[in-house]
Amino acid sequence: MTPPPRRAAVLGSPIAHSLSPVLHRAAYAELGLTHWSYDRFEVDEAGLPAFFEGLDATWAGLSLTMPLKRAVIPLLDGISDTAASVEAVNTVVLTEDGRRVGDNTDIPGMVAALRERGVEKVESAAVLGAGATASSALAALAEICTGPVTAYVRSAARADEMRSWGERLGADVRTEDWSRAEEGLRAPLVIATTPAGATDALATAVPIAPGTLFDVLYEPWPTALATAWSARTGAVVGGLDLLVHQAVLQVEQMTGRFPAPLAAMRDAGEAALAAR
């Protein structure tokens, strides 16, 4: 007997660029889940409650991107401690008893992506930027960084935010003005959380023997900073690594199948980016 259809999707605005459908569909194909589908929907904060009202029993889960990661929380029956720590949900699992439970797979996804490249613990780190991804970066660093984290930011307000997140997450966060960001490139781990182009001017300042760069962008890729880092033979972790690792955790939570096929998902993501 054919199993009933199961649905999942990624929501956000804008959403047309999202690679999530490519990754999740590759996982379903590898796992033989022919009755599963995964789509993308353009949904903003105002439209999110109505979208939730339209969910039926065929729905298994949702992936959420900006600007919905915080807006979704009041619509849920509960969230994980990980999601609560950064007040951001990127994963919703719809349980068989009708509950809607939120989680954040960005944080363990960051840790897993770094671990895959051999980064288990670091004595200090630098974070470039203070946007939405920076709090997740601090949460990941709270797990793997044994010393101070220096955040390079563009305003006093952002500096206050990052120090506040550090206190909340248990990370020793210091802040410096963005004009001194070149100094941060000497840290053993540098996490760039800035929009496309923001770190291009730093490419000429990469030290002779750099540590590890984690640049959360995946398009355009490689960034100028990542290219310069690789040229100095430094280790580079990219945004696709993060996207795949957080999607692996989403697939496992939504389908109940372990482990999700990391290699097949990464191959599909790389192929999709190469075709753009």
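Here, residue 1 is the first one in the sequence, and each next residue gets the next number.
- Across every non-hydrogen atom of L242 and G109, the tightest pair is CD1-C, 3.9 Å.
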Any chance you could lay out the side-chain contact (heavy atoms from CB on, under 4.5 Å) test for E183 and T150, step after step, and finish with the verdict? CA-CA 10 Å; E183 299 173 8; T150 304; over 6 Å; no
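- Under the 4.5 Å side-chain heavy-atom criterion for ILVMFWY residues, no single connected hydrophobic cluster contains both I79 and M66.
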Could you walk me through whether W178 and L202 pass the side-chain contact (heavy atoms from CB on, under 4.5 Å) test, one step at a time? CA-CA 11 Å; W178 181 261; L202 299 175; 4.3 Å; yes
Run the side-chain hydrogen bond (donor to acceptor under 3.5 Å, both in side chains) check on T91 and Q250 step by step: do they pass? CA-CA 7 Å; T91 307; Q250 290 184 334; 2.9 Å; yes
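- Under the 4.5 Å side-chain heavy-atom criterion for Ile, Leu, Val, Met, Phe, Trp and Tyr, L114 and V216 are members of the same hydrophobic cluster.
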Please assess R7 against L94 for the test side-chain contact (heavy atoms from CB on, under 4.5 Å), listing each intermediate value before the final yes or no. CA-CA 10 Å; R7 300 183 68 186; L94 291 87; over 6 Å; no
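- Using modelled atom types, one finds no donor on one side chain facing an acceptor on the other under 3.5 Å when comparing S13 with D44.
- Contact record, T227 with P222: OG1-CG, 3.4 Å, taken as the closest heavy-atom pair.
- Residue-environment remark: CG (D81) stays at or below the threshold of 12 foreign heavy atoms within 6.0 Å.
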In sequence, state the C-alpha distance, the side-chain angles, and the governing distance for D160 and R163, and then conclude on salt bridge (charged side-chain N to carboxylate O under 4.0 Å, His left out). CA-CA 5 Å; D160 289 343; R163 287 193 295 269; 2.5 Å; yes
Check step by step if side-chain contact (heavy atoms from CB on, under 4.5 Å) holds for F52 and L76. CA-CA 10 Å; F52 265 67; L76 303 176; 4.0 Å; yes
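- Residues S85 and L169 meet the side-chain proximity criterion, which asks for heavy atoms closer than 4.5 Å.
- F51 and W59 have perpendicular rings, their planes meeting at more than 60° on a 0 to 90° scale where under 30° would count as parallel.
- In the model, D103 has no side-chain atom that pairs as donor or acceptor with a side-chain atom of T82 under 3.5 Å.
- Heavy-atom neighbours of E120 CD from other residues, nucleotides or ligands within 6.0 Å: above the threshold of 12.
- Ion pair E116/R266 flagged as a salt bridge, since at least one NZ, NE, NH1 or NH2 atom sits closer than 4.0 Å to an Asp/Glu carboxylate oxygen.
- Remark: the T255 side chain and the Y28 side chain contain no N/O donor-acceptor pair separated by less than 3.5 Å.
- Contact detail for L243 and Y218: the closest heavy-atom pair is CD2-CE2, 3.9 Å.
- Within a 6.0 Å radius of CD in E123, no more than 12 heavy atoms belonging to other residues, nucleotides or ligands are found.
- Salt-bridge check for R25 with D39: passed, with a basic side-chain N closer than 4.0 Å to an acidic carboxylate O.
- Counted by atom type alone, R40 and S20 present zero donor-acceptor pairs between their side chains at under 3.5 Å.
- Using a 4.5 Å cut-off between side-chain heavy atoms of Ile, Leu, Val, Met, Phe, Trp and Tyr, with links allowed through other members, L11 and V89 fall into the same hydrophobic cluster.
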